[in-house]
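Below: one structure, written as structure tokens.
A note on names: the letters A, B, ... follow the listed sequences, proteins ahead of strands, and every chain is numbered from 1.
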Protein chains: 2
Amino acid sequence: MASTVYDIARAASVSTTTVLRALWDKDDIKPETKERILKLAAEMNYRPNLVARSLTLGSSHFVGMLVTPSVTTTYASSIGLVVRTVRKAGYGTLCYTTDGRPDSERMCLEQLASARVAGAIVIPEADTKNVPIYQEMADSGMKLVVAHSCIDGLNVPQVVGDNYQVTYLSARYLLSLGHTNIVYLAIPQDCLLGRERARGFRDALQEAGIPVSPASIVTCGNSEEAGRKALTALLQRKKAPTAIIARHDSVALGVMRAAFAAGLSIPDDLSLIGNSDIPVADLLRVPLTSIRHPAEEVARTAITKLVSMLGGAKIELDITKLGVELIKRASCAPAKE
Amino acid sequence: MASTVYDIARAASVSTTTVLRALWDKDDIKPETKERILKLAAEMNYRPNLVARSLTLGSSHFVGMLVTPSVTTTYASSIGLVVRTVRKAGYGTLCYTTDGRPDSERMCLEQLASARVAGAIVIPEADTKNVPIYQEMADSGMKLVVAHSCIDGLNVPQVVGDNYQVTYLSARYLLSLGHTNIVYLAIPQDCLLGRERARGFRDALQEAGIPVSPASIVTCGNSEEAGRKALTALLQRKKAPTAIIARHDSVALGVMRAAFAAGLSIPDDLSLIGNSDIPVADLLRVPLTSIRHPAEEVARTAITKLVSMLGGAKIELDITKLGVELIKRASCAPAKE
DNA sequence: ATGAAAGCGCTAACAT
DNA sequence: ATGTTAGCGCTTTCAT
């Protein structure tokens, strides 16, 4: 099968050390010997066994990547980015996605630990219930960086868009259009990210002198289906909202579907703002106003941090927030009357 | 750091062999001993070192996955599916995406070989120029399965939607609407998949008695940008087409953009059919008629094949074609006059 | 029921 | 400039 350094050594009638010296292009080896060995290695189709190398070196040349299924599509480009960037740094990427089951996240992390990955980038659900597991892994020496999300109290570097601004900018814009009955389809507030979003929403309303009723923050799942159901429920209210801020574009798509199904016009009857600015946002039946995150910069920053951690650098265990931007499109209009 | 079987052996004052017997739940060990060891292992936070295990066993418990960047988004769900399915079979997934550079594909494959993956699922560009590399890898013993694409002459199992039907169904439908000036924005025909598509297109036209001019098959890149440019060029023709079949939805989106930019209406001035039926197709400004592939079934089939190959089974080296379906939406209308 | 020893392929410290 | 040797952590065969 695959040839080994030992095979080459035998074929060249030298020791394995000499073979290594040739392969690693050292200079304490006679040029002719080197050449002869290199030629032999090529002929014998030698490919270093990274498994053995990892064992010897004590750490694999892989970094792990853990992505939650509900965001897989959103961050597909991040996956590619991570894969390619870490490859430049000499690492392969071990990908895991959880299937959403409670301890699936734990199993994936244990796998990564077992595989002795050098480090890992994780894109968890904002309201993951597995914070202790992450912390445990980090404490046991795994280099961890959280991207596109942030987890309260987790003592590792985290890189994320500014979630306070997500709702603050959205709400401000809707207020400037004259809306007062705005509902925010929210991330649960039992996690930092959820609280940041809620705070941005509340602050904007309060600054405008609009009282924030609990009914204006409706916790919602992170899917089209959840958005659909949420709007359907909202339309039952005696005073249905005139504007919606959806926690994510996919939720906004669900809202759109439900609105159309109910015979409502967007933006005439309902203004709508999403979040994350999916690529087709401007080609939708009603082009969707959304918050654009610097997704690439987030990924890049996270990877940079990870790579320098791998290099042994001490990194600030803080949360890096990158600016977001409101992209105005046709899904919002001035409030009527 | 991480504890080893040896650490446990010492702590329990037994041999490593006995520790292994406990960990693997063998029965030639005294129950109390087993229990004691297991307790110790848990306390010491033992996690088997998969790197070492792989070296001993001669093969890693990973399967590779190689995805071309231009299809990363389309097949993001497939990535998740692969990751989760192979995990159930006891394997981790080593993800690589090429950065499109010519020998990037080769490097990724070499990495996979070096990592001694048990096998790999690849989603290549239809017109990849690296067929020999794939073949070489397969010949050197790597279990390979191609998914969502098929490569001419590559002697490994391949699983893909029926690409002949993609264009055949599309063209038939447009013909039934009365269109005769149809342009197919084509995959290059220097690959099997490209030829299948072209054949489906030609057959449909010929069956309808419409002559197929070379001008009706326009080779096109696989991106929005390529679609935009292609339509812009087509609009210069003295007899611009009344209907377009795009090789992929992303190309169709580009066509849409260009059409709108030129002040054309879809479907009044131009009928449009995409391919792959992206999730938002029905929420677009003009809901897009498209061909739906059984993406999940393709992935599942590919994985099943790979897993049974890993188990040592001999698999037919054929191309498995799964049925596709035309999803009619508002982007097509009867030809005028 | 338990242990000793060798080996997977590579690397690095230590000779010569 | 080249070789010897030991070891990474696990598994497995062969004792006892």
Quick test: give all pairs of protein nitrogen or oxygen and nucleotides 3-7 of chain D nitrogen or oxygen below 3.5 Å, distance rounded to 0.1 Å.
{"unit_1": "D/dG3", "atom_1": "OP2", "unit_2": "A/Ser15", "atom_2": "N", "d": "2.8"}
{"unit_1": "D/dG3", "atom_1": "OP2", "unit_2": "A/Ser15", "atom_2": "OG", "d": "3.3"}
{"unit_1": "D/dG3", "atom_1": "OP2", "unit_2": "A/Thr18", "atom_2": "OG1", "d": "2.8"}
{"unit_1": "D/dG3", "atom_1": "N7", "unit_2": "A/Arg21", "atom_2": "NH2", "d": "2.8"}
{"unit_1": "D/dT4", "atom_1": "O4", "unit_2": "A/Thr17", "atom_2": "OG1", "d": "2.6"}

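Of the residues in residues 22-41 of chain B, those lying under 4.0 Å from DNA chain C by heavy-atom distance are B/Asp27, B/Asp28, B/Ile29, B/Lys30, B/Thr33.
Nucleotide D/dC8 holds its P atom 10 Å from the OH atom of B/Tyr6, rounded to whole Å. Regarding A/Leu55, its CG atom lies at a distance of 4 Å from the C1' atom of D/dC8, rounded to whole Å. Rounded to an integer number of Å, the gap from CG of B/Asp7 to C1' of D/dG9 is 10 Å. B/Leu57 places its CG atom 20 Å from the P atom of D/dC8, with the value rounded to the nearest Å.
Although no hydrogens or angles enter the test, the distance criterion places a donor-acceptor pair under 3.5 Å between the side chain of B/Thr68 and the main chain of B/Ile123.
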Using a 3.5 Å cut-off and no angle test, enumerate the donor-acceptor pairs between side-chain atoms of residues 33-45 of chain A and protein atoms at least two apart in sequence or in another chain.
{"unit_1": "A/Thr33", "atom_1": "OG1", "unit_2": "A/Lys30", "atom_2": "O", "d": "3.4"}
{"unit_1": "A/Lys34", "atom_1": "NZ", "unit_2": "A/Asp25", "atom_2": "OD1", "d": "2.8"}
{"unit_1": "A/Lys34", "atom_1": "NZ", "unit_2": "A/Lys26", "atom_2": "O", "d": "3.1"}
{"unit_1": "A/Arg36", "atom_1": "NH1", "unit_2": "A/Ala12", "atom_2": "O", "d": "3.0"}

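Taking A/Thr93 as the reference, nothing meets the side chain to side chain donor-acceptor pair (under 3.5 Å) condition, with sequence neighbours excluded. The side chain to side chain donor-acceptor pair (under 3.5 Å) search around B/Ser308 returns none, not counting sequence neighbours. Under the side chain to side chain donor-acceptor pair (under 3.5 Å) criterion, B/Glu297 pairs with no residue, sequence neighbours left out. The side-chain contact (heavy atoms from CB on, under 4.5 Å) test applied to B/Ala299 returns B/Ser78, B/Leu81, B/His148, not counting sequence neighbours. By the side chain to side chain donor-acceptor pair (under 3.5 Å) test, B/Arg116 is found to be paired with no residue, residues two or more places apart in sequence or in another chain being considered. Judged as a side-chain contact (heavy atoms from CB on, under 4.5 Å), and not counting sequence neighbours, the contacts of B/Ala126 are B/Ser149, B/Ile187, B/Cys191, B/Leu193.
Note that the two end axes of the helix from C/dA1-D/dT16 to C/dT16-D/dA1 enclose an angle of 50°, each drawn from 5 base pairs, rounded to 10 degrees.
Under the salt bridge (Lys or Arg N to Asp or Glu O under 4.0 Å) criterion, the residue pairs touching residues 148-157 of chain B are B/Asp152-B/Arg195, with sequence neighbours excluded. Applying the ring pair (Phe, Tyr, Trp, His ring centres under 6.0 Å) test to pairs two or more places apart or on separate chains, none has a residue in residues 2-43 of chain A.
For the pair B/Arg53 and D/dG9, the criterion of a side-chain N or O lying under 4.0 Å from OP1 or OP2 is not met. At the phosphate of D/dC10, OP1 or OP2 sits under 4.0 Å from a side-chain N or O atom of B/Tyr46.
Between the CE atom in B/Met309 and the CG atom in B/Leu317 there is a gap of 7.0 Å [rounded to 0.5 Å].
Across all strands, A/Leu50 comes closer than 4.0 Å to no nucleic acid atom at all (heavy-atom distances).
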